[in-house]
A.B. asks: 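Below is one structure. I have some questions about it.
All figures in this text were calculated on a predicted structure; none of them were measured in a lab.
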Amino acid sequence: IIEYGALFMNIISVENLHLSRGDVKIFSNFSLYIKENERVAILAHSGIGKTTLLDCIAGLVPKESGCVNSPKRLSYLFQEPRLLPWCSLEKNVLLPISEILSEKEAKSRAEFFLSQVGLLERKMSLPAKTSGGEKQRCAIARAFAFPSSVLLMDEAFQSQDFSLRLKLMQLMEKLLETEKRTLVLVTHDIREALCLADRIILLGKRPVEIELDIKNLRNQSIPERYISPNKEALEIEKEILDLLCRK
């Protein structure tokens, strides 16, 4: 009763998911529930199925059986910015919203979120004329400009250098505070998870199982949480590392 009740209380519900790649069973009877405005980080070894799980939530991967309930509109921030090189930064932000909003509202949202990420003065620049950090900030603006209640992130900061990664995490935290999105974040970086998430899920085995589910995190600010985590965060980090190193 509790499990089926949870199906109606959560913004994302994955219920008894079954999915294979060829002869390899990725998910078998896998369930996961995520509440509205939760910030969930998913950790696991490479190849376990983290990105596949995000794609299932986004409806991009056909499942064999089971039930995946999530909002129809989702924002997805990928590993690469995925900007169209022949379009300006503003046009890249406008493209996903131009069909669902009026021209005036779409332009207003694009300009607002470009200003939030510090790119309003560069809005007419082509991606080739911008840095890697600026491209990723544009991708963040595009994700938030799209009117959705859920943001999926797949290792979105992995290609950035250390200082830029911290700045992007600070920017992401600020936007999440003001825009109130549910976040599902896939990462290999435990401290990134500790910075952005209030819940960390560690996946393991094959078919995939939830090996660890830690809730009620986030009691330090960035960058302190990343550079000098407190005792509680260090204990969580050690627990996760111990489990990962057993594989």
A.B. asks: Hydrophobic clustering (ILVMFWY, side-chain heavy atoms < 4.5 Å, transitive) - are L60 and L74 grouped together?
C.D. replies: yes
A.B. asks: Taking everything shown except K25 itself, do over 12 heavy atoms lie less than 6.0 Å from its NZ?
C.D. replies: yes
A.B. asks: With distance as the sole test, does R73 use its side chain to make a donor-acceptor pair with the main-chain N or O of V150 at under 3.5 Å?
C.D. replies: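 Looks like no, no N/O pair under 3.5 Å.
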A.B. asks: What I'd like to find out is whether the side chain of R181 reaches to under 4.5 Å of the side chain of F144, using heavy atoms alone.
C.D. replies: yes
A.B. asks: Is there a donor-acceptor contact under 3.5 Å from the side chain of R206 to the main chain of V24?
C.D. replies: no
A.B. asks: So does C87 get a backbone contact from the side chain of N92, meaning a donor-acceptor N/O pair under 3.5 Å?
C.D. replies: yes
A.B. asks: Does a side-chain heavy-atom distance below 4.5 Å link L202 with L244?
C.D. replies: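 Heavy-atom side-chain distance check passes, below 4.5 Å.
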A.B. asks: Test side-chain hydrogen bond (donor to acceptor under 3.5 Å, both in side chains) on T130 and S125; report intermediate values, then the result.
C.D. replies: CA-CA 7 Å; T130 61; S125 299; over 6 Å; no
A.B. asks: Checking H18 side chain against S28 main chain: does a donor-acceptor pair fall under 3.5 Å?
C.D. replies: no
A.B. asks: List the steps and the verdict of side-chain hydrogen bond (donor to acceptor under 3.5 Å, both in side chains) for D161 and S163.
C.D. replies: CA-CA 6 Å; D161 63 52; S163 61; 3.1 Å; yes
A.B. asks: Per the side chain to side chain contact (heavy atoms under 4.5 Å, CB included) rule, which among L77, L185, V117 passes with M172?
C.D. replies: L77
A.B. asks: Is it true that R39 and E177 make a salt bridge, defined as a side-chain N closer than 4.0 Å to a carboxylate O?
C.D. replies: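 A salt bridge is present here (some side-chain N lies under 4.0 Å from a carboxylate O).
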A.B. asks: Between E64 and S20, is a side-chain hydrogen bond (donor to acceptor under 3.5 Å, both in side chains) present by the stated rule, with each step listed?
C.D. replies: CA-CA 8 Å; E64 294 164 21; S20 301; 2.9 Å; yes
A.B. asks: Does the side-chain contact (heavy atoms from CB on, under 4.5 Å) test come out yes or no for E239 and D242, once each step is laid out?
C.D. replies: CA-CA 5 Å; E239 183 179 10; D242 286 346; 5.7 Å; no
A.B. asks: Hey, does T52 have a side-chain heavy atom less than 4.5 Å from the side chain of F27?
C.D. replies: yes
A.B. asks: Counting only N and O atoms by type, is there a donor-acceptor contact under 3.5 Å from the side chain of Q136 to the main-chain atoms of A156?
C.D. replies: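 Yes; at least one donor-acceptor contact below 3.5 Å.
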A.B. asks: Distance-only, no hydrogens or angles: does the S75 side chain make a donor-acceptor pair with backbone N or O of S148 under 3.5 Å?
C.D. replies: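 No; zero donor-acceptor contacts below 3.5 Å.
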A.B. asks: Ignoring hydrogens and angles, tell me if any N or O in the side chain of D189 forms a donor-acceptor pair with the backbone of R191 under 3.5 Å.
C.D. replies: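 Confirmed, D189 side chain pairs with R191 backbone.
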A.B. asks: Applying ring pair (Phe, Tyr, Trp, His ring centres under 6.0 Å), name anything that partners Y76, two or more places apart in sequence or on another chain.
C.D. replies: F78
A.B. asks: Any side-chain to backbone donor/acceptor pair from T182 onto E36? Under 3.5 Å, distance only.
C.D. replies: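 No.
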A.B. asks: Please check this pair: side chain of K63 against backbone of L17, looking for a donor-acceptor N/O pair closer than 3.5 Å.
C.D. replies: no
A.B. asks: Does any part of the side chain of R142, heavy atoms only, come nearer than 4.5 Å to the side chain of R82, both counted from C-beta?
C.D. replies: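 The answer is yes, as the side chains (C-beta and beyond) meet within the 4.5 Å cut-off.
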A.B. asks: So V14 and V68, do their side chains get closer than 4.5 Å, heavy atoms only?
C.D. replies: yes
A.B. asks: Is any NZ, NE, NH1 or NH2 atom of the basic residue among K107 and E90 found under 4.0 Å from an Asp or Glu carboxylate oxygen of the other?
C.D. replies: yes
